[in-house]
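Report on one structure; see the data block that follows.
Every chain is numbered from 1, with letters handed out A, B, ... down the list of sequences. Heavy-atom basis, side chains included; hydrogens, waters and symmetry copies ignored.
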Amino acid sequence: MSASATTGAQAGAQTQDGLDLYRRMRLIRRFEDTIQSLFQKGEVHGTTHLYSGQEAVAVGVSSALGDEDRVAGTYRGHGHALALGVDPQGLLDEMLGRATGVCGGRAGSMNVIDLEHRLMGCYGIIGGSIAAATGASLALRRTGGVAVAYFGDGTTNQGYFHECLNFAKVMSLPVLYVCENNLYGEFTPWEDVTAGRIEARPETFGIPAVTIDGNDVWVVRDAAREAVGRARAGEGPQFIQAMTYRFVGHSRSDPGAYRKPGELEAWRERDPLKVARERLVGALGAGDADVDAIDAEVDEQLERMVQAGLAAPYPQPGPVPEFA
Amino acid sequence: MSASATTGAQAGAQTQDGLDLYRRMRLIRRFEDTIQSLFQKGEVHGTTHLYSGQEAVAVGVSSALGDEDRVAGTYRGHGHALALGVDPQGLLDEMLGRATGVCGGRAGSMNVIDLEHRLMGCYGIIGGSIAAATGASLALRRTGGVAVAYFGDGTTNQGYFHECLNFAKVMSLPVLYVCENNLYGEFTPWEDVTAGRIEARPETFGIPAVTIDGNDVWVVRDAAREAVGRARAGEGPQFIQAMTYRFVGHSRSDPGAYRKPGELEAWRERDPLKVARERLVGALGAGDADVDAIDAEVDEQLERMVQAGLAAPYPQPGPVPEFA
Amino acid sequence: MPTLDFRTAIRDALDEELARDERVVLFGEDVASVQGGVFAATPGLQERHGSERVFDTPISELAITGAAYGAAVNGLRPVIEIMFGDFLFLAMDSLVNQSAKFFYLSGGRGSVPLVVRSAVGAGGRFGAIHSQSPIGWFHNVPGIKVAAPSSPSEAKALLKAAIRDDNPVLFLEHKRLYGVKEEVDGDVPDVPLGRARVAREGADVTLVSVMKGVGDCLQAAEALAADGISAEVLDLRTLRPMDTDAILASLAKTHRLAVVEEGPANGGWGGEVLAVAAEHGLHDVDDVWRLATPEHPIPYSPPLEDAFLPGVEAIVASVRSRLGAASH
Amino acid sequence: MPTLDFRTAIRDALDEELARDERVVLFGEDVASVQGGVFAATPGLQERHGSERVFDTPISELAITGAAYGAAVNGLRPVIEIMFGDFLFLAMDSLVNQSAKFFYLSGGRGSVPLVVRSAVGAGGRFGAIHSQSPIGWFHNVPGIKVAAPSSPSEAKALLKAAIRDDNPVLFLEHKRLYGVKEEVDGDVPDVPLGRARVAREGADVTLVSVMKGVGDCLQAAEALAADGISAEVLDLRTLRPMDTDAILASLAKTHRLAVVEEGPANGGWGGEVLAVAAEHGLHDVDDVWRLATPEHPIPYSPPLEDAFLPGVEAIVASVRSRLGAASH
Ligand SMILES: Cc1ncc(C[n+]2csc(CCOP(=O)(O)OP(=O)(O)O)c2C)c(N)n1
Ligand SMILES: Cc1ncc(C[n+]2csc(CCOP(=O)(O)OP(=O)(O)O)c2C)c(N)n1
Ligand SMILES: [Mg+2]
Ligand SMILES: [Mg+2]
């Protein structure tokens with residue numbers, strides 16, 4: 001096969017790979033839109049924290065992980081789960097409280113667990129994901145795996161953050177800490193409650209830290225590949241601060257009154273889906289039609305999922321064992 | 001009065017002041033020796049954590065404080081208390097479990113409280129002193145007071161440390177954090193369990209931090225005066241890392257097997273009492289006799305205290321109200 | 001008659017106490033935000049009382065609670081919000097090892113006037129980590145008071161009493177009550193901590209509960225009245241100290257007592273009520289029992305959560321069967 | 001006969017399980033030190049099993065406990081030491097909100113084989129913050145087991161059972177028991193979690209306790225035998241799950257039951273025992289009561305602490321008077 005054919009093949013593979021990343025992000029976005037509308041319809045209950053706008057982080061990081069790795073997500077975890085390959089129908093059914101949900105309807109939006117798909121859990125307590133991943137890495141270091149913790153900017157002020165990063169560093173554990181800095185903790189700008197630069201905190205412990213554009217999936221993947229590689233190679237914990245922004249309220253009850261004027265609009269210009277589409281039809285030589293096709297397929301997929309989900313049975317109350 | 005007379009008077013005042021600092025340190029040292037022997041005699045109970053070797057820190061810091069300031073000490077708090085002016089007899093009686101103890105025998109070695117002498121408490125939980133002082137400064141900022149927290153090197157790995165320093169910095173509270181780095185947390189060398197430099201942690205938050213010789217009471221006082229002054233002036237939290245060493249076991253059950261060869265001997269050369277005596281008879285022009293006299297007076301004082309303490313009544317058990 | 005809703009009752013109590021006493025301060029996560037916290041219970045308080053006295057904090061439950069303790073010991077009277085009761089574990093060390101110990105250890109010379117507000121309870125589909133009731137975790141801790149109001153007027157009166165109390169008080173706000181409205185004319189009367197309330201007089205059985213459970217018991221009592229069973233409803237209001245006199249008095253009257261507790265029976269506060277009955281009122285007891293939740297975490301799915309909670313129907317059915325049984 | 005002391009029993013159980021199962025790991029503050037921790041319960045274990053499996057940690061209770069949870073979910077079987085039970089608050093969030101919830105939320109697909117060892121109890125003059133008994137704080141938490149051994153052989157058997165259990169187990173070691181010796185010949189028999197033990201047969205009254213309290217009850221029973229009172233002593237061994245069958249069986253036999261609890265009565269585990277008796281054994285009850293500690297923090301001064309704790313004399317006197325009273 002001629003060199004040019006090879007590069008052509010490589011280009012094709014790269015394009016295909018880029019389209020796959022785009023599809024995953026698009027799936028998350030439409031999933032969240034769907035959850036929001038189902039919430040308004042009274043089919044999703046309690047509260048939800050949507051990942052819309054942050055898709056490139058989880059999709060980029062997950063694309064750098066192997067089968068031996070494990071992930072701890074947060075209450076804002078639909079994207080963390082879908083990026084790992086958790087069955088979208090199972091996740092939707094969980095939100096709908098159905099027996100067919102990935103946790104049988106027991107967990108709901110904030111507490112999803114899917115061990116089969118490397119998701120050790122989503123944690124409703126701020127900092128819980130950090131502890132979970134730190135501990136996981138104690139086990140994974142025996143098998144060459146790396147643990148990943150997602151958490152937000154506001155979580156860096158919690159005791160879990162400090163204790164676990166120090167613990168992981170002194171034990172040189174294979175764990176990657178991914179701070180999704182979306183500028184706010186609930187309604188509070190991160191600078192108002194956070195002393196100094198977030199990335200300086202891991203650096204102080206001697207943990208390598210990078211701050212990256214969290215809305216460009218390729219940038220995220222490259223950073224994650226490097227960090228995961230170093231962790232796997234025995235270089236100890238790694239830290240990524242991904243700068244991003246959530247397009248929706250903190251939770252369903254939040255109108256977002258605190259946003260600075262023009263802020264949301266500016267970030268929409270940097271929508272990770274927009275960024276990816278431009279790269280795809282630009283440098284990666286895909287056609288707009290290829291991307292449109294994905295959009296249509298994902299929309300269809302979600303329509304089918306909603307129908308199936310709303311038709312799925314609710315779990316039957318009944319005695320449940322307290323202990324394993 | 002002639003200039004030389006003035007300087008002479010100043011020198012005299014300086015010498016007297018130095019002798020007072022020495023006396024306070026000597027009192028703490030002999031107090032701790034006494035506690036140890038009373039422990040062996042079965043008159044002091046449970047466990048004790050002695051301050052021997054670290055006297056210059058509490059004495060130096062306390063000499064920089066005013067009536068409007070408040071202090072939070074630790075389970076290693078006899079020195080923190082005596083340096084503030086807590087009645088030595090009351091403190092000894094507390095250790096002896098007598099009704100005449102500063103807390104009526106209820107608290108014991110680890111939990112001494114003496115509000116009258118600006119000691120809001122001694123805290124048996126690692127990090128408790130940091131929270132207590134941080135909170136105190138919320139109240140003291142109304143009255144121009146400064147709160148001081150003492151804690152050890154090992155305590156900087158505790159969630160309290162991280163959360164409170166960040167809290168104090170974002171709120172710009174008048175609090176001084178005094179880390180007594182005596183190289184070990186219990187039996188563990190601080191480097192083994194602490195990632196990076198301790199002083200880098202406050203610096204990361206933008207909290208001014210200095211590392212000083214914790215065995216020279218004048219060095220400690222100068223650093224404390226500067227830090228307290230900045231805190232009082234509204235410049236927010238301040239941090240001092242005082243390098244020091246404990247001459248006795250962590251607690252009464254500790255033989256100190258972990259000490260590096262020659263380490264104890266080397267630090268004994270830098271005994272804060274030795275350092276102070278040299279400065280006194282040197283630069284400060286005191287006579288050895290003056291210092292010897294203090295030693296003798298303090299020894300006598302303690303003999304009298306022990307007699308009085310052992311003669312003091314035990315508290316009577318009886319109903320105690322649960323609530324204020 | 002003018003109505004008072006639970007949220008406003010909380011807000012008004014805070015507003016009035018902040019206005020009455022300079023030493024009162026309020027802080028927590030997002031409490032000073034426009035929304036007035038996640039549960040919209042504190043809007044406008046920062047505007048009215050200034051950012052020195054009402055302010056947001058970092059997400060640092062341990063620092064918030066420790067700082068409140070340190071401030072309380074030095075002259076302030078802090079009210080803090082720990083958003084969800086489920087987060088109290090992260091604050092518990094300071095509450096139990098600092099605040100609850102201080103009065104005793106100081107030889108009675110000092111005290112800790114501190115109120116910890118926290119939203120608790122299930123039924124809102126918030127799942128296992130945002131629906132728990134923390135009473136059991138604090139019930140065995142001397143030096144802490146635990147208040148658990150059942151209505152807007154009770155909430156306003158008890159919160160004011162808690163703020164004026166010189167001891168640490170854990171003040172629990174049941175999420176399902178925030179929307180509740182009540183007709184209130186004029187000011188609500190003062191309520192002392194530690195005193196229970198007979199919410200409904202009855203002769204055949206005593207239903208003991210707190211918070212949302214009191215309303216459920218009142219509805220159940222209504223239904224039971226239809227088939228000639230006269231149920232007394234006792235609102236404990238405060239779990240610690242517990243008003244054992246009120247429990248024993250009602251028991252002496254009805255000889256049958258059921259506790260309705262939103263939480264696992266094993267180790268719950270209802271066990272303490274039964275223990276008090278057995279220990280001090282045995283001769284009055286014909287029957288005592290508990291309605292509580294199953295011994296597993298709180299489920300998310302609506303049918304699971306509904307079946308999990310002891311609701312009005314369950315109370316009615318249980319009383320019917322036990323009284324039937326008891327009359328054999 | 002060869003003797004086994006409590007410390008060695010703990011150490012041997014750990015040593016044997018570390019040797020038996022690669023997945024078992026042990027960590028905590030200073031556990032790997034020459035001394036083998038502050039209570040000298042783990043000396044030599046790092047030398048024998050390597051620093052990957054037995055290691056010291058920073059003073060970070062939350063990280064220790066959270067890391068143990070994360071490791072347990074991913075195939076290890078961690079045993080951690082939280083030095084004093086009083087420090088458990090700092091670890092409680094992970095225990096209750098992570099470990100205790102996982103089995104249920106995972107739909108039963110995962111579990112958390114985790115043991116938290118902690119030294120508890122008063123009587124050693126350690127004061128208010130180093131002497132508490134944490135049972136009450138965890139008693140109301142589904143998904144956690146609580147073991148509280150009363151002797152060296154019980155400690156060894158229960159610790160091995162806890163390590164082999166697939167659930168989070170809080171394993172409490174009473175400080176006053178560390179020095180206790182017991183004649184043991186050969187291997188100690190296996191003991192299942194959740195099963196109580198009749199430590200002494202009796203007919204007139206049942207004394208229920210755990211840990212050091214069991215020994216006190218046995219001594220009291222001896223003294224009571226002298227004046228013709230036959231006391232049965234029930235060692236619950238596990239507080240959660242609680243062996244209610246054993247409690248009810250003994251009650252059916254003696255009709256009188258006293259709980260000896262080292263902790264405040266209000267909200268303590270003894271209340272659950274009395275509640276079980278009243279709820280499920282009322283017809284068998286002639287008298288039930290609690291001997292517990294006063295409702296204030298634990299004092300340091302020896303005479304205060306001694307009077308504070310329910311000792312042998314107090315138990316004897318209480319049984320004498322209640323049985324006298326009851327026989328009227
Ligand atoms: C211990 C704890 N405290 C508070 C909360 C309530 N809470 C949920 S999300 C959130 C904000 C977290 O902000 P950040 O870490 O930036 O993550 P983001 O939500 O922005 O993704 C808070 C305070 C919680 N879940 N747990
Ligand atoms: C939360 C908590 N964990 C553990 C302990 C047990 N402990 C008492 S002192 C100590 C070592 C503290 O070391 P450091 O902070 O350096 O202070 P030092 O004792 O050296 O003065 C430990 C672990 C405690 N009291 N509180
Ligand atoms: Mg954020
Ligand atoms: Mg130290």
Of the listed D:M242, D:R240, D:H283, D:H280, the one with the largest count of heavy-atom pairs under 4.5 Å with chain C is D:R240
C:P264 backbone acceptor or donor facing D:N140 side chain under 3.5 Å:
yes
So, the side chain of D:N266 versus the backbone of C:P241: is there a donor-acceptor pair under 3.5 Å, distance only?
no
For residues D:L90 and C:L62, determine if any side-chain heavy atom of one lies less than 4.5 Å from a side-chain heavy atom of the other.
yes
Using a cut-off of under 4.5 Å on heavy-atom pairs, state which of D:Y300, D:Y104, D:W269, D:F138 scores highest against chain C.
D:Y104
For D:F89 and C:N97, which heavy atoms make the closest approach, and how far apart are they?
CD1-ND2, 3.4 Å
Using a 4.5 angstrom heavy-atom cutoff, name the option from C:R290, C:Q98, C:E295 with the most pairs to chain D.
C:R290
Taking the side chain as every heavy atom from C-beta outward, state whether D:H296 and C:K101 have any pair of such atoms under 4.5 Å apart.
no
Ranking D:G271, D:A277, D:G263 by heavy-atom pairs under 4.5 Å to chain C gives rank one to D:G271
Mark yes or no for whether D:E279, through its side chain, and C:W289, through its backbone, hold a donor-acceptor pair below 3.5 Å.
no
Side chain, backbone, both or neither: which part of D:P299 has an atom under 4.5 Å from a heavy atom of chain C?
both
How long is the straight-line distance from CG of C:D93 back to CG of D:L88, given to the nearest 0.5 Å?
10.5 Å
So which of D:A278, D:A100, D:G143 has the biggest tally of heavy-atom pairs under 4.5 Å with chain C?
D:A278
Okay, D:A91 and chain C: the region with an atom under 4.5 Å from a heavy atom over there is neither
Side-chain touch D:L274/C:L274, heavy atoms, less than 4.5 angstrom
no
For D:E272 and C:G268, work out which heavy atoms get closest and say how close.
OE1-N, 4.3 Å
Heavy-atom contact with chain C under 4.5 Å, split by part of D:Q132:
side chain
Looking only at C:G127, C:P294, C:A128, most heavy-atom pairs under 4.5 Å shared with chain D are made by C:A128
Do you know which of D:P134, D:G270, D:A275 has the most heavy-atom pairs with chain C at a distance under 4.5 angstrom?
D:A275
